[in-house]
Amino acid sequence: QVQLVESGGGLVQAGGSLRLSCAASGRTFSRNDMGWFRQAPGKEREFVAAIGGLVAYADSVKGRFTISRDNAKNTVYLQMNSLKPEETAVYYCAARSRLGPISVVPGEYDYWGQGTQVTVSS
């Protein structure tokens, strides 16, 4: 049984930083895309960052967020700097079961974590 467990969310002031972690169990994702998405109340889930053979970022987070992975720990991270109040959302980790070009589409990810709340105060 595959599980993705996020941690590291919390409350931070605008301009602050948080580091999210996502630990996978049940299978190895070292060759598969893993990504971060976020969903604010009343809004659709949106792509934040993904890592596979390449790395991809949403335009809104480029230069401030960094995605990385530790294959030995089957874990992916999201370092978030210079956070903005509008980035308050539930952040979800996701993993794809298939290999292929890196994807920014939520529907192409097969496994999801339960989400971790990130709240950025102004």
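Every heavy atom of this structure was used, including side-chain atoms; hydrogens, water molecules and symmetry mates were not. One is the number of the first residue; the rest follow in order along the sequence.
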Heavy-atom closest pair, residues Ser122 and Ala14: CA-CB, 4.4 Å
Please go through Val5's hydrophobic cluster and name the other residues, only I, L, V, M, F, W, Y counting, with side-chain heavy atoms under 4.5 Å joining them. none
Residues two or more places apart in sequence or in another chain: which of them pass side-chain hydrogen bond (donor to acceptor under 3.5 Å, both in side chains) with Gln3? none
Sort and list the pairs that fulfil side chain to side chain donor-acceptor pair (under 3.5 Å) and have at least one residue in residues 89-99, not counting sequence neighbours. Asp33-Arg96, Arg38-Tyr91, Ser97-Asp110
Spacing of Ser103 atom OG and Asn32 atom CG [to the nearest 0.5 Å]: 12.5 Å
Quick one: are Met34 and Leu4 in side-chain contact, heavy atoms under 4.5 Å? yes
Who are the side-chain hydrogen bond (donor to acceptor under 3.5 Å, both in side chains) partners of Lys43, not counting sequence neighbours? none
Qualifying residues under side-chain hydrogen bond (donor to acceptor under 3.5 Å, both in side chains), relative to Thr116, sequence neighbours excluded: none
Here the gap from Asp70 atom CG to Ser30 atom OG, rounded to the nearest 0.5 Å, amounts to 11.0 Å
Rounded to the nearest 0.5 angstrom, the CG-CD distance for Leu11 and Gln117 is 9.5 Å
Flag side-chain contact, heavy atom, 4.5 Å: Met80 against Val48: no
Residue from Phe65, Phe37, Trp36, Tyr109 passing ring pair (Phe, Tyr, Trp, His ring centres under 6.0 Å) with Phe47: Phe37
Can you name the closest pair of heavy atoms from Glu87 and Ser60 and give their distance? OE2-O, 4.4 Å
Pairs where residues 5-19 contributes a residue and the test side chain to side chain donor-acceptor pair (under 3.5 Å) is met, not counting sequence neighbours: Glu6-Gln114, Ser17-Asn81
